[in-house]
Structures are given as C-alpha cells and as structure tokens.
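Contents: one structure, followed by commentary.
Remember, it's 1-based here, ligands and their atoms both numbered in the order they're listed.
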Amino acid sequence: MDEVRAQERLVEWFGDVCQDVHGRLAALTDGEPASYIPELANVDPDRFAIATVAVNGQPTLLGDHEHRFTIQSISKLLLYGLALETHGRDQVLRRAGVAPTGDPFNAIELDDALHRAPNPMVNSGAIAITDMVDGDSFEERADVVLALFERYLGHRPDVDDAVCASEYSTGHRNRAIGYLLLDQGIIGDRVEETLDLYFMQCSILITTADLAMIGATIANNGVHPVTGERVVGPKVARDMLTVALTCGMYDYAGEWAYTVGIPAKSGVGGGIVGMIPGVGGIAVFSPRLDEHGNSVRGIRVFEELSQEFDLHVFDADQPWNP
Ligand code: DON
C-alpha cells in the first residue's frame with residue numbers, strides 16, 4: 001500500500017514539475033522556426049506543449065498538446081522500425097548502418113567502405129529505409145506508412161498537403177541524395193516515388209499527445225499502452241531505442257546522450273520524442289530551433305526533467321524503477 005502511495009506521490013510531483021517547467025520555459029524565445037522549407041516558417045513560434053504517457057497509459061498533458069504539427073524527421077524512427085519488422089536486421093543493415101555521423105541531418109555522405117548510409121536517422125539512411133516500404137505504387141506504399149502510424153496513434157493521421165508540396169518543390173538536396181543512393185545500388189530505381197513517400201512521411205500531422213503515445217509504445221517494448229496491440233517486436237523496439245540514443249539528435253547526439261541520456265528523436269517541425277525504457281514516453285513541441293535543427297525549449301525541458309527525476313538511462317537511482 002505504501003508503495004502505491006509513493007508511486008502516486010511521484011506521479012503528482014512529476015505533474016507539478018512539468019507544469020513549472022512549462023510555465024518557466026514559455027519565456028524562452030531563443031531560436032527560429034525552420035524556414036528552409038518555406039511552408040514550415042508559417043507556424044506560430046510561441047506554441048508550446050509538453051506531454052507524457054506512462055507505460056500504463058497514464059497521461060500528463062500541458063499547453064498546446066492538441067495542436068497539430070508535422071512530424072518531420074521523427075518519422076524516420078518509425079519507418080526504421082517498420083523496415084526491421086518487415087525485412088529483418090540483415091537486410092536493413094545492408095542499406096544503413098548504426099554509426100553516428102556528427103554531421104548535419106542533410107549531409108550528403110555514405111559509408112564508402114561498407115557501401116551503405118551511415119545510419120537511418122540522417123536523410124541518406126532515412127531515404128534508403130523509405131525505399132524498403134513495400135507496394136506496387138505510391139498509393140499502396142503510402143497506405144503502408146499511414147497504416148503504421150494508425151497502429152501507434154489509434155487513428156489514421158492526416159498529411160499537411162501544403163508542407164508536403166513545399167518539401168517537394170524545395171527538396172533538391174534530398175533528390176541529390178536519392179540519386180546518389182541509386183547510383184551506388186543501395187536503392188532501386190523508383191527514386192522519385194520513394195522521395196514522394198519520404199516527403200509525405202515528414203508531412204504527417206501529429207499532436208504532442210500523439211507523440212508521447214508513440215514514445216510510450218516504443219518504451220513499452222513495442223506494445224501500445226492503451227490498445228495493448230504489439231506495434232513492433234521487443235528486439236525491434238530495442239534497436240529503435242539504441243539508434244535513437246546514438247543518432248536521434250543529429251550532430252547534437254553525443255552531447256544529448258551525455259547530458260540528457262534519454263533515447264530521443266527530433267524533427268524540424270519542433271517536436272522531440274523521448275523514450276524511457278519500461279517507464280514511458282515524453283514529448284515536447286516548440287517550433288523555435290537551434291543550429292542543429294532541434295527545438296530549443298524541447299532540449300531544455302528534457303535537460304530539466306532528466307536531471308530532476310534521474311531519467312538518464314545510466315542513472316543508478318531511477319525513482320520509477322525501484
Ligand atoms: O528532409 C528534410 O528536409 C525534412 N523533411 C526532414 C528534416 C528533419 O526533420 C530533420 N530534422 N531535424
């Protein structure tokens with residue numbers, strides 16, 4: 001009984017701290033929303049939400065948690081899980097390794113020795129992984145991607161068509177990466193279709209609450225905390241968590257692993273999702289980004305929560321796992 005009460009106190013304390021952090025960090029206005037994709041600049045930069053979902057499904061929701069924004073690069077983590085689930089590790093590792101690059105997300109680089117993309121969280125790896133989505137047409141493959149999201153969200157997501165069109169018309173660097181992957185025999189010749197799919201997956205609309213549910217599912221060994229559905233197998237969830245910890249925050253990944261220590265993935269839409277294995281998911285949305293493309297407030301929220309609650313995966317005294 002005492003243990004139950006202690007757990008309840010911890011949840012209350014967590015809610016209070018999240019509220020305090022949300023209140024204080026709303027005053028932080030450093031950074032700028034992404035503008036390299038013109039449509040992304042049309043966001044309200046002051047939006048700010050924090051959402052958490054525990055592995056038992058219990059949510060904590062603060063601020064603009066119902067506001068929808070584009071998932072962007074966070075989709076790379078989900079598509080990676082899908083590829084592992086559908087094709088197995090060996091096939092996936094032939095296309096993308098697991099080495100952090102320390103370079104920007106859109107760097108045009110391959111692992112020349114092993115003839116593959118460095119990892120699935122940078123654009124070259126993500127496009128190589130998106131190419132693995134099965135189907136005979138764009139429509140069939142888009143359906144596979146949307147069905148994947150449906151299993152995580154409990155509903156089929158919408159796509160922001162304006163953002164998608166903007167990605168398409170300005171995505172020349174991604175096109176260069178796609179054709180380099182084709183030249184190197186890493187992907188097949190339906191490059192334009194695969195790029196369309198990549199632009200679409202980045203333009204999927206989610207809320208911060210959705211994002212926390214995605215995080216909680218991965219943190220719960222791949223089982224959705226509310227529906228009980230197995231979305232990915234436990235070994236796939238483990239691989240997703242590992243790559244998130246080592247490569248999920250781009251060229252900030254090393255500092256992030258050191259200071260925050262929570263497997264996480266960010267997107268230039270302003271979202272960050274973190275996964276605390278066996279405990280739950282944390283999501284933050286705030287569109288002002290730093291020079292790496294990570295949400296400025298998002299980084300601060302994770303730093304503060306990690307410190308306050310010993311959430312670093314290597315912390316000896318995790319209060320949530322007595
Ligand atoms: O490839 C792109 O440019 C975007 N659609 C995705 C980028 C992204 O979110 C990288 N971010 N941090």
Would you say E229 has more than 12 foreign heavy atoms packed within less than 6.0 Å of its CD? yes

Residues passing the side chain to side chain contact (heavy atoms under 4.5 Å, CB included) test with H172, sequence neighbours excluded, are R175

Partners passing side chain to side chain contact (heavy atoms under 4.5 Å, CB included) against N221 (at least two apart in sequence or in another chain): P234

Ion pair present between R9 and D2, side-chain N to carboxylate O less than 4.0 angstrom? no

Check ion pair D239-K235 (N to O, under 4.0 angstrom): no

Where does ligand 1 get N/O contacts under 3.5 Å from the protein, atom by atom?
residue	atom	partner	partner atom	Å
ligand 1	1 (O)	N123	ND2	3.0
ligand 1	1 (O)	N174	ND2	3.1
ligand 1	1 (O)	Y198	OH	2.6
ligand 1	3 (O)	Y36	OH	2.7
ligand 1	5 (N)	Q72	OE1	2.8
ligand 1	5 (N)	E167	OE1	2.5
ligand 1	5 (N)	E167	OE2	3.1
ligand 1	9 (O)	S73	N	2.9
ligand 1	9 (O)	S73	OG	2.7
ligand 1	9 (O)	V268	N	2.9
ligand 1	11 (N)	S73	OG	3.4
ligand 1	11 (N)	Y250	OH	3.0
ligand 1	12 (N)	Y250	OH	3.3
ligand 1	12 (N)	V268	N	3.4

Name each donor-acceptor pair under 3.5 Å that joins a side chain in residues 98-110 to protein atoms two or more places apart or in another chain, with its distance.
residue	atom	partner	partner atom	Å
T101	OG1	D103	N	3.0
T101	OG1	D103	O	3.4

